[in-house]
Amino acid sequence: MRPMFKQHTIEQELSAGLQQARQQAFPDLAPVEDAATAVATGDERHGDYQCNAALALAKPLRRPPREIAQALADQLHDPERLERVTVAGPGFLNLRLRAEWLARRLELVQDDDRLGVPAPGTGRTVLLDYSSPNVAKPMHVGHIRSTVIGNALDRLHRFLGYRVVADNHLGDWGTQFGLLLLGFRHFADAAAYETEPIEELERIYVRSYNRSQEDPAWLAAARAELVKLQQGDGENRRLWASFVEHSLREFNGLYRRLDVRFDLVRGESFYNDRLPVVIDLLRQKGLAEESEGALVVRLEAEKLPVCLVQKSDSGYNYATTDLATVLSRVEEFNPAAIIYVTDERQQLHFRQVFAVSRRLGVTTRLEHVWFGLMRLPEGTFSTRQGNVIKLERLLDEAERRALEVVHQTSPAMPPAQQREVARAVGLGAVKYADLSQHPQSLVTFTWDKALALEGNSAPYLQYACARIASVQDKYREQFPGGEPRTVPIRLGAPIERTLAIKLLRFPEAVLRAAEHYRPNLLADYLFDLAQAYSTFYQNVPFLKAETGVRESRVRLCDITARTLRCGLHLLGIETPERI
RNA sequence: GCGCCUGUAGCUCAGCUGGAUAGAGCAUCAGUCUUCGAAACUGGUGGUCGAGGGUUCGAAUCCCUCCAGGCGCACCA
């Protein structure tokens, strides 16, 4: 297949034409007031794209908006693309694209591996920090958001040409290990640690934590264990390494299941040696000062609370670690951006860390992509309250429910294939449930919502793909030797035109989702596309259509399937040939 | 007390950063399988976009106040 053929989206191309028209029509207008861009219409009756610049320009130009719109229309010479340019309402400029042009462009898209999506990230590196679970605790449903959203951002950026360094910044260092080490010495069950290490570590942690709440001596002993660990005590390091190893084994099983891969797995411990360096640097630059026995950076200029970088017992905290991490990443990878995907509770923390980083001279773009915390109808998850739902259980349940549906709808399918389909459908449903929602919205976990298999859900999209695969098989059976690609695409029926426009907007959806760090914008697009396809499928014949029309429609099916597959792949969702 | 976020159909959520008559999915009602896969399609019911002001040609979207909820606010990460 030919490589990428277009550098720009339709939106961008039309906007460029509008800019030119604007300059010709009103050469004296300052560029600041220039906002002649094309935007997709919400209603087909208003054309395919619209430009609202005339309304905004009415004031600076002191002329009626309709007149301005007409002047723009008069300067807009693009007979190849545009079928009709009309002034409507108070001064909207409606653009209707030529069906032949749409058809030709679709043909090019079909020959393009990238489906017309540009690669603006080429030559640039992005460091993506996501998932980041805590060692010695099981991953629960709350972790799925960072993992699934982060992974979608990873895939989106890679597709857009960026070199992505995905780093799993494990919580493998810090106070909890004091409690864990102490607890492990006192009440570890060797057999349980052998068979179910994570569950045993969790049990130990909860017990040790509870005791620390009522027993100051216990807390002090835990702190002592932590200091020993940080000073490199052999026995504590061995135990700690064992905790990390067991946790990683469990995490990796889940990541494999979710098809999530990291380029780096560097926990907080990785930066341990650099913490004193950060403090020295802060002191050298005169940014840090003593306060109540601790070392802090004041951030009054940024209107932020002070950032504590060294505790009064001279220990380091997580701001220190994150600062060391930023410096290390900038030095090693020189990325265009470092992106953190965590829950909403860390907003202030990252604003502080970013502010201090800038004072240290870091100019790299730093982004905190936060998402709403997941909770239960009765409140937040808490290890100590024991109301967590383990991620593994969620995934098991998803596959189980999907298998029930497969049994019902595809009883003739071989059992092994049924299980395979149920796996792809179940996991897809879980991922899609998270990805189709605005990341920042509050999420209240319910089984039915997380495992929805109908309506706006992954299976709906997977089903559309499977039906297309079936159509393509039937076409090959009934018309052996037929080559749809040698037949031009024609957009006769209105639904074909609608589908064509939607297909051609795929690049816009991908770019927007990445730009705003919002996979749900892509999910929305895919659902909308699949709906248009379902309407198309249900209302016009393919294989029974006359020769020529038939091939054109089979081509539309192919492009739709590839777009859906590509889009779902970018969300980390599989598309089996049959479901 | 200060800061960030949320409030849209009975329920779960979108809403392209200020555009035209606010959209989907569940649920509900009525239709569509002897014909390309009904996990689907067609149509109906259902909204003072939390409340009240303001900004302007135009507000769910921007500003202010209030109400309700979530989350933060230096020695846990």
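Per chain, numbering begins at 1; letters A, B, ... match sequence-line order. Please read these numbers as outputs of a predicted model, since none were measured by experiment.
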Look at the side-chain N and O atoms of [X] and state whether any lies under 4.0 Å from the OP1 or OP2 oxygen of [N].
X	N	result
Q538(A)	rA40(B)	no
Y463(A)	rA39(B)	yes
K311(A)	rA77(B)	yes
T175(A)	rA77(B)	yes
T409(A)	rA38(B)	no
K137(A)	rA77(B)	no
R467(A)	rA39(B)	no
K474(A)	rG37(B)	yes
N520(A)	rG15(B)	yes

In terms of side-chain heavy atoms, does [X] have a donor or acceptor partner in [Y] at a distance below 3.5 Å?
X	Y	result
Q230(A)	N272(A)	no
Q347(A)	H368(A)	no
D172(A)	S269(A)	yes

Establish, yes or no, whether the cationic atom of [X] lies under 6.0 Å from the six-membered ring centre of [Y] and within 45° of the ring axis.
X	Y	answer
R505(A)	Y525(A)	no
K137(A)	Y205(A)	yes
R550(A)	Y475(A)	no

Just call it for [X]: base, sugar-phosphate, or nothing, with non-hydrogen atoms closer than 4.0 Å on any strand.
X	result
G293(A)	nothing
L348(A)	sugar-phosphate
D524(A)	sugar-phosphate
V540(A)	base
N94(A)	base
K59(A)	sugar-phosphate
S441(A)	sugar-phosphate
H438(A)	sugar-phosphate
A58(A)	nothing
R505(A)	base

Taking pairing as Watson-Crick or G-U wobble with both contacts under 3.5 Å, can you name the mate of [N], or confirm there isn't one?
N	answer
rA40(B)	rU32(B)
rC73(B)	rG1(B)
rC26(B)	rG10(B)
rG19(B)	rC57(B)
rG46(B)	none
rU65(B)	rA51(B)

### Query
Just wondering, do H46(A) and rA20(B) stack (centres under 5.5 Å, planes under 30°)?
yes

Spacing of [X] atom [atom1] relative to [N] atom [atom2], expressed in whole Å:
X	N	atom1	atom2	answer
L14(A)	rC16(B)	CG	C1'	15 Å
E454(A)	rC13(B)	CD	C1'	16 Å
Q352(A)	rC4(B)	CD	C1'	13 Å
Q346(A)	rC5(B)	CD	C1'	15 Å
M374(A)	rG70(B)	CE	C1'	15 Å

Nearest-nucleotide check on RNA chain B, L521(A) vs Y537(A); residue mapping nearer the 5' end is L521(A)

Result for 5'-nearest mapping on RNA chain B, choosing between Q478(A) and Q531(A), is Q531(A)

Could you please name the option among [options] that lies closest to any side-chain atom of [X]?
X	options	result
T535(A)	rC36(B), rC41(B), rA77(B)	rC41(B)
A88(A)	rG37(B), rA20(B), rA77(B)	rA20(B)
V296(A)	rG19(B), rA74(B), rA77(B)	rA74(B)
R375(A)	rC71(B), rA40(B), rG70(B)	rG70(B)
A294(A)	rC75(B), rC36(B), rC16(B)	rC75(B)
A466(A)	rC71(B), rC16(B), rG37(B)	rG37(B)

Can you tell me, in whole Å, how much space there is between the [atom1] of [N] and that of [M]?
N	M	atom1	value
rC49(B)	rU61(B)	P	10 Å
rG58(B)	rU17(B)	C1'	16 Å
rU6(B)	rA74(B)	C1'	28 Å
rC64(B)	rA59(B)	C1'	15 Å
rG54(B)	rG72(B)	P	37 Å
rG37(B)	rC33(B)	C1'	11 Å
rG23(B)	rA60(B)	P	12 Å
rG52(B)	rG18(B)	P	23 Å

Test for a donor-acceptor pair under 3.5 Å between the base of [N] and the side chain of [X], counting only N and O atoms.
X	N	answer
D43(A)	rA22(B)	no
S312(A)	rC75(B)	yes
Q437(A)	rA14(B)	no
S436(A)	rA14(B)	no

Return the orientation label for the F542(A) and Y537(A) ring planes: parallel under 30°, perpendicular over 60°, tilted otherwise. perpendicular

May I have the step-by-step check of salt bridge (charged side-chain N to carboxylate O under 4.0 Å, His left out) for R145(A) and D434(A), ending in yes or no? CA-CA 7 Å; R145(A) 300 210 85 194; D434(A) 241 325; 2.7 Å; yes

Decide yes or no for Q12(A) and E508(A): does some side-chain heavy atom of the first lie under 4.5 Å from some side-chain heavy atom of the second?
-> no

Between Y460(A) and the options Y432(A), Y533(A), F527(A), the ring pair (Phe, Tyr, Trp, His ring centres under 6.0 Å) test singles out F527(A)

